[in-house]
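Please read the structure below before turning to the comments.
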Amino acid sequence: MSYPFSEIEERWQRYWQENGTFRTDVHDTSRPKCFVLDMFPYPSGDGLHVGHPEGYTATDIVARYRRHCGYNVLHPMGWDAFGLPAEQYAMKTNVHPSVTTERNIGNFRRQLRSLGFSYDWDREVNTTDPSYYRWTQWIFLTLYNAWYDTRVQKARAIDTLVQEFATSGCAALGTPANYEGPEWGFDAAAWNAMSALDQQQVLTNFRLVFEHEIPVNWCEGLGSVLANEEVDEWVKKGYSVERRPMRQWMMRITAYSERLLAGLETLNWPASTVDMQRNWIGKSEGAEITFVSEAGISLSVFTTRPDTLFGVTFMTLAPEHAAVDELATPGQRAAVDQYRRQTSFKSERDRQADTEKTGVWTGSYAINPASGERVPVWIGDYVLAGYGTGAVMGVPAHDERDFAFAETFGLPVLPVIAPDPASPEYQGVLAGGQCYTDAGTMINSGAFDGMHSEEAKWKIVESLGAAARRTVKYKQRDWLFSRQRYWGEPIPIVKYDSGLVMPLEMSELPLVLPEMAEFKPSGSTESPLALATEWLNVEHPVYGHGRRETNTMPQWAGSCWYYLRFLDPANTETVVTHDLERHWLPVDLYIGGAEHGVLHLLYARFWHKALFDLGYLSTDEPFRRLVHQGLILGEDSQKMSKSRGNSVNPDAVVAEYGADAMRLFEMFMGPLEMTKPWSTKGVEGLRRFLNRVWRMVVGDEEAEVAALVTDRAMTLDEERMLHTTIQKVTEDIEALRFNTAISALMVFVNEFINVAEKPRAAMEAFVRLLSPFAPHIAEELWSRLGHGGGVANQPWPEFDPGKITVDEVEIVLQVNSRIKAKTVVPAGTEANELERLALEHDSVRYLIAGKTVRKVIAVKDKLVNVIAS
RNA sequence: GCCCGGAUGGCGAAAUGGCAGACGCAUCAGACUUAAAAUCUGAAGCUGCGUAAGCAGCGUGCGGGUUCAAGUCCCGCUCCGGGUACCA
């Protein structure tokens, strides 16, 4: 029969809540701290799926274990609740997203509680709560009011820049990349004479948050911009998506590219995630080389292969490149315009999906600064406007893409790097019929001929003087931070009719979302907030009439910093108190899905570093140790989905098998990081294990526990069993190997269940070992063993290495590396003694009779291998 | 294409270079039961030989290598999963 899990689980959940068992006193610094964090969920209408509790159980085990070990543990939970589903539901039904959100959160909270997670629910945060997003907006403005000073490689308050301009002009600063505004090079007097609007425009080039016009995926039918990854989905549904330049709020994450890259070295993260972030940032070292057109227009290209410069046979510019208008000759103008129009209708994704090369000639030529050769200037959509300079030098002999382009349009191929003459591609490359991208020996390159290409690379750059300079580029782009949506944090900015753009004062936060009757798209390129007339329009005593920013923040915003707020969730004075962040950060263990490996984790690192620079935080990385839980598949080993009908509802599992069995099964399935299929039979097996645990301590009948558990001393074997289990479980939890920890607990039970009188010390230690995994039954057993006060705060059992020693060990006897016999010897018998025993052993003697012993390998406590022939 | 990760019984899996398959699921046999379920006890990698205890051989995706000894280390592949993709 089954132990009464539903009654027990409910009782102890109530006990923990009523006694505040897991309430954390964050000001208690007398004990070592441990911050154990889950990626908080988006509370969808579907409720939890079995994937959520996997990571949550893992962190809960660690949190409970650390408490047993005497740590002050912070283990919080909250809701990442802004997002599209609630808004779409609102569009259909006019039910306010906050209503849906609240309902869903209620359901999630109930489900999480039912699994017995030891969260400090007093710290719960909700990204859609104005008291929370007040601080999201505060961070937005703090970054808005900051700039990145490359001279000291850190963010500083924008005031310091204004100060610098006002006293010494811009002389000490380099021209910002893609600078837009009044002519650069102003002195203090010129700055002070500038209009407020001009000053504003200059500062926009520096702020960590800025508005910028960039091409976006605009979907007319939805009345919104789509992220690149959303485009396919909506096109399939029959919507059309076009590329359209729009003014968007951006965050200057690229200022941090180098530091985001460098910081990766210091983290205890999965190597795959570190790689993904590294690739995403995409640092490449190369040179910017200036070509000049015959009409005198400068065309700068970025290349990582300056060694191939003599092999340039054409140039290709992105269709959007600013110089295209000037370069297009009258004869080619029509074709150029036509091609540019055509590409503007393609989404970035389509453009990249098409591997067929397209393009047109502008009619112009440019001069190769190294060889003086004249090369035609083309435009082609394989060149991206947003990377490097938006222009490439075409070297078909040594670049696959250029080769394909040259083939399509019949452009010449000029090899300048020869592979090893012995290699099979040598002839083809020299004949210009094959592309060769590796290093080799320089040819057709004037003074550089005969040099190794790696050596020539930077020598060529040097030789060009002002026409070339070494530089580093990053693939990473700035972060597009606007969404044309209602259900997100309002951006706390007002645009006045004069053109002035003014942030709200910090004291005016939170800027609360207006109540609205309808949630339909606005009909323009603005969010539905454009229809909230009263909220929208602002009258200012000095600036006059203004309109609020109607874009809202992306869903990533709230999740960028929630780990900070958990430290100090109710603080109305500051985002987080210094003492608390200094004591509690960084997060010691962060568990969540690998799908957040780049975006969330990169954005959060960025904000953290910026707040660190500005003096609000004391660490420059937020998450010390990161682990991704693996995907849980359906019973059919397919991805769980409603349409497949293979999804599993945690509520049903808890009702039928209990939370403890569910927790144990989720951890027992296999290694945490691995993908693995669900198995209902497997859950049953874990419940069976708990039944056995119950029977081991409490017995079958409602008899006295005392009859079963006595104060007798343990035998040596029992002590060995107990301490082996303590050691295994402890080591496995530390290494997050929960599956093998559980199997050690099973071995213990298999050993003790049939012992007539159970030694109390062993049972009590076992219950404490079990409690992180199956806390409800552990509490119940602890109390039945005669203890009040709960097991959750009991000290972890101590491991005594002296108790696991053995007197005798079994030695394997091999002849010619095959196992032929076994023998028992005293533990620690020396190798030479083992060798002697082996050679005297009957089976061994029989097998080597008549042969010569060539070699004997003896390993203490393990084996003897006799090699004979 | 590129970057990760994986491949071990019927299934999920375990194994500091030293007895492959711990633990669990499913299976089979036995006990309890009028019976079933539950529970308990036990068996079991595969193949061949043997009435049997047992004996022999083969076994960790494939092919090589290092080693007294390889699931584990090295070289070369295959398949599966995830991410990413004209980034100059």
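Reminder, nothing fancy here: chain letters follow the sequence lines and each chain counts from 1.
Considering only residues two or more places apart in sequence or on other chains, A/Arg692 meets the side chain to side chain contact (heavy atoms under 4.5 Å, CB included) condition with A/Arg695, A/Val749, A/Asn750, A/Ile753. Partners of A/Asp478 by side-chain hydrogen bond (donor to acceptor under 3.5 Å, both in side chains), not counting sequence neighbours, listed by chain and number: A/Thr254. Legend: residues meeting side chain to side chain contact (heavy atoms under 4.5 Å, CB included) with A/Thr829, ordered by chain and number and at least two apart, are A/Val825, A/Pro826, A/Glu833, A/Leu834.
The existence of a salt bridge linking A/Glu258 and A/Lys283 is confirmed by a sub-4.0 Å separation between a basic side-chain nitrogen and an acidic carboxylate oxygen.
A cation-pi arrangement is present between A/Lys357 and A/Tyr382 under the rule of less than 6.0 angstrom and at most 45 degrees off the ring axis.
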Task: Annotated protein contacts, base or backbone, on nucleotides 12-17 of chain B with a non-hydrogen cut-off under 4.0 Å, one of B, S, - each - done: BSS-B-

TODO: Before giving the answer on side-chain hydrogen bond (donor to acceptor under 3.5 Å, both in side chains), spell out for A/His628 and A/Thr273 the whole-Å C-alpha distance, their side-chain angles and the decisive distance to 0.1 Å.
DONE: CA-CA 9 Å; A/His628 301 303; A/Thr273 305; 2.6 Å; yes

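One distance of note links CD of A/Glu54 with CD of A/Glu673; it measures 9.5 Å at 0.5 Å rounding. Interatomic distance, CD1 of A/Ile733 versus CZ of A/Phe738, reported as 7.0 Å (0.5 Å rounding).
Regarding contacts with the backbone of B/C40, a side-chain N or O of A/Arg695 is found under 4.0 angstrom from either OP1 or OP2. Contact between the side-chain N/O atoms of A/Arg278 and the OP1/OP2 oxygens of B/U84 is not found at any separation under 4.0 Å. Of the side-chain N and O atoms in A/Asn754, one or more sit less than 4.0 angstrom from OP1 or OP2 of B/U41.
When only modelled atom types and interatomic distance are considered, A/Thr358 and A/Tyr339 share a side-chain donor-acceptor pair under 3.5 Å. At a cut-off of 3.5 Å, with distance as the only test, a side-chain donor of A/Asn865 or A/Ser817 sits close to an acceptor on the other residue.
Each of B/U39, B/A88, B/G18 was ranked by its minimum atom distance to the side chain of A/Val383; first place goes to B/A88. With B/C19, B/C68, B/G83 as the candidates, the nucleotide lying closest to the side chain of A/Met276 is B/G83. In the set B/C68, B/C23, B/G18, the nucleotide with an atom closest to the side chain of A/Ser817 is B/C68.
If you measure from atom CG of A/Asn750 to atom P of B/A22, you get 12 Å, rounded to the nearest angstrom. When rounded to the nearest whole Å, the span between CZ of A/Phe689 and P of B/A22 equals 17 Å. The distance from atom CD1 of A/Ile867 to atom C1' of B/U67 is 11 Å, rounded to the nearest whole Å. Look at CD on A/Gln638: it is 13 Å from C1' on B/C80, rounded to the nearest Å.
For RNA chain B, runs of at least 3 consecutive pairs of the Watson-Crick or G-U wobble type, with both hydrogen-bonding distances under 3.5 angstrom, map to B:1-7 with B:78-84, B:10-12 with B:23-25, B:27-31 with B:39-43, B:45-49 with B:54-58, B:61-65 with B:73-77.
Applying a 4.0 Å cut-off to non-hydrogen atoms, the residues of residues 818-833 of chain A that approach RNA chain B are A/Arg818, A/Ile819, A/Lys822, listed by residue number.
With ring centers used as reference points, A/Phe314 lies under 6.0 Å from A/Phe405.
More than 90° away from 0 lies the glycosidic angle of B/G30, which makes this nucleotide anti.
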